[in-house]
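Numbered from 1 within each chain, the chains take letters A, B, ... in sequence-line order. Excluded from the calculations below are hydrogen atoms, water molecules and symmetry mates; all remaining heavy atoms, backbone and side chain alike, are included.
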2 protein chains.
Amino acid sequence: MAGTTTGPGEAALEAALDRAAAGCLARGAQLTELRRQVLKLVLASPHPVGAYALLDQLRAARPGAAPPTVYRALDFLQEQGLVHRVERLNAFVGCAGPEAHHHCGHGHDHPHQFLICGSCGATAEICDDRVAAAVADAARAAGFFPVRTTVEVEGRCAACAAMTQAAPAAVR
Amino acid sequence: MAGTTTGPGEAALEAALDRAAAGCLARGAQLTELRRQVLKLVLASPHPVGAYALLDQLRAARPGAAPPTVYRALDFLQEQGLVHRVERLNAFVGCAGPEAHHHCGHGHDHPHQFLICGSCGATAEICDDRVAAAVADAARAAGFFPVRTTVEVEGRCAACAAMTQAAPAAVR
DNA sequence: CCCCGGGATGATATGGTGTAACGCCGCAGC
DNA sequence: GCTGCGGCGTTACACCATATCATCCCGGGG
């Protein structure tokens, strides 16, 4: 990788935004300039990002931006499956690859799970059908009709776990 | 059930509180009067209840109560496995039956899942080992070391689903 | 007896998160 | 042109959570 660790390169980012815009159009929605700006900020962040952090960054381009500005954009992007909300963090992440999930046979409202490293804050999205099926089965067994499922696992990512082994004294 | 729909009867409530107090003592902790009052309010609520709603009720008994009062009590109760936090709602529920879960072989930090009815707000806790196992497996397969897992399913409870069928016009 | 340490609580202040409500503007369709 | 609608600006507010310092109580040691 030639870029930094702060996110994808500018070119890849714009390409992803163009793909997202095309996907929105295909669903009869429009990725306006504002929504595109917010999505770009979310995708550029290596970690989940809070709404007010987005707001601060957004004000560079739009001095008049206020909370509803960013929340409305985020609502739209969530409906389009372009970003997800991480409930445990009150924060938002770009969807790893909605198109890829379409290839797996899922719609834009695809099931997903988050792995949140409590040490470094990295958050990974996975898409495990066994988990989704187990949750849906358990819900239905209780007479419940599931609509949307949140699965968030807090723990240690491989890198942080390795560091913990190398210097256990720093953690205990 | 002979009681109302607003929660368990007073006698059953006090019995549960006594059991909780005994459990705390066994773990070397103390269910003080304040904590007992907060736990009673949580258990008496048929739905997840926000911290500030608890605070309002608590002020009937403790006029000087402030946010930290109730949050500290809630932190303690969560550590003891007597209440859970529902992330999607920023609210708290009493644990269905920590003792029952102990019988199932789980500690007081037992895995659990929530079924949240988006129509009536009812929230049920289930404890499905297949779900917990599937999530843990998926996380480990990604090189992740899980510590705590949140599973929350939003949908329709059986009662609300039946009502929706009976009067679909009211929903569309 | 006094002091001291720790846990629990009281009290104040502040920061972070999310939404309601109203109005304006631009555009498509009649 | 009027109207309806979606997107956005703007103000104000409600709700959620924590930091910080002070106080009280109680049991142990000197």
Proximal nucleotide (of D:dG9, C:dT9, D:dA17) relative to the A:L34 side chain: D:dG9
B:Q37-B:R62 side chain donor-acceptor pair, cut-off 3.5 Å: yes
Distance in angstrom units between A:R62 CZ and D:dT10 C1', rounded: 14 Å
Sorted by number, the residues of residues 66-74 of chain A with heavy-atom contact under 4.0 Å to DNA chain D: A:A66, A:P68, A:T69, A:R72
B:E33 CD - C:dT9 C1' separation (whole Å): 13 Å
Atom pair distance, as rounded to whole Å: CZ in B:R88 and P in C:dT17: 18 Å
B:E87 side chain vs B:T150 backbone, donor-acceptor pair below 3.5 Å: no
B:P48, B:C157, B:C117 screened by side-chain contact (heavy atoms from CB on, under 4.5 Å) with B:T123, the one that passes: B:P48
D:dC8 phosphate, OP1 or OP2, under 4.0 Å from A:R35 side-chain N/O: yes
Value in whole Å for how far the P atom of C:dG16 lies from CG of A:L89: 16 Å
Point-to-point distance, once rounded to the nearest 0.5 Å, from SG of B:C95 to NE2 of B:H110: 3.5 Å
Aromatic ring of B:Y52 stacked on base six-ring of D:dC15, 5.5 Å, 30°: no
Atom-pair distance (CG on B:L77; P on C:dT9), nearest Å: 10 Å
Side-chain N or O of A:N90 closer than 4.0 Å to phosphate OP1/OP2 of D:dC16: no
Atom-pair distance (CD on A:E87; C1' on D:dA17), nearest Å: 16 Å
A:G64 or A:F76, whichever maps to the more 5' nucleotide of DNA chain D: A:F76
Interatomic distance, B:Q30 CD vs D:dG27 P [rounded to whole Å]: 10 Å
Inter-residue atom distance B:S119.OG - B:M163.CE, 0.5 Å rounding: 5.5 Å
Nearest listed nucleotide, side chain of B:A51, among C:dG18, D:dA17, C:dT9: D:dA17
Flag for B:R85-B:Q78: side-chain donor and acceptor within less than 3.5 Å: no
Straight-line distance of A:L17 CG to A:E14 CD, nearest 0.5 Å: 5.0 Å
Spacing between B:D75 atom CG and D:dC16 atom P, to the nearest angstrom: 16 Å
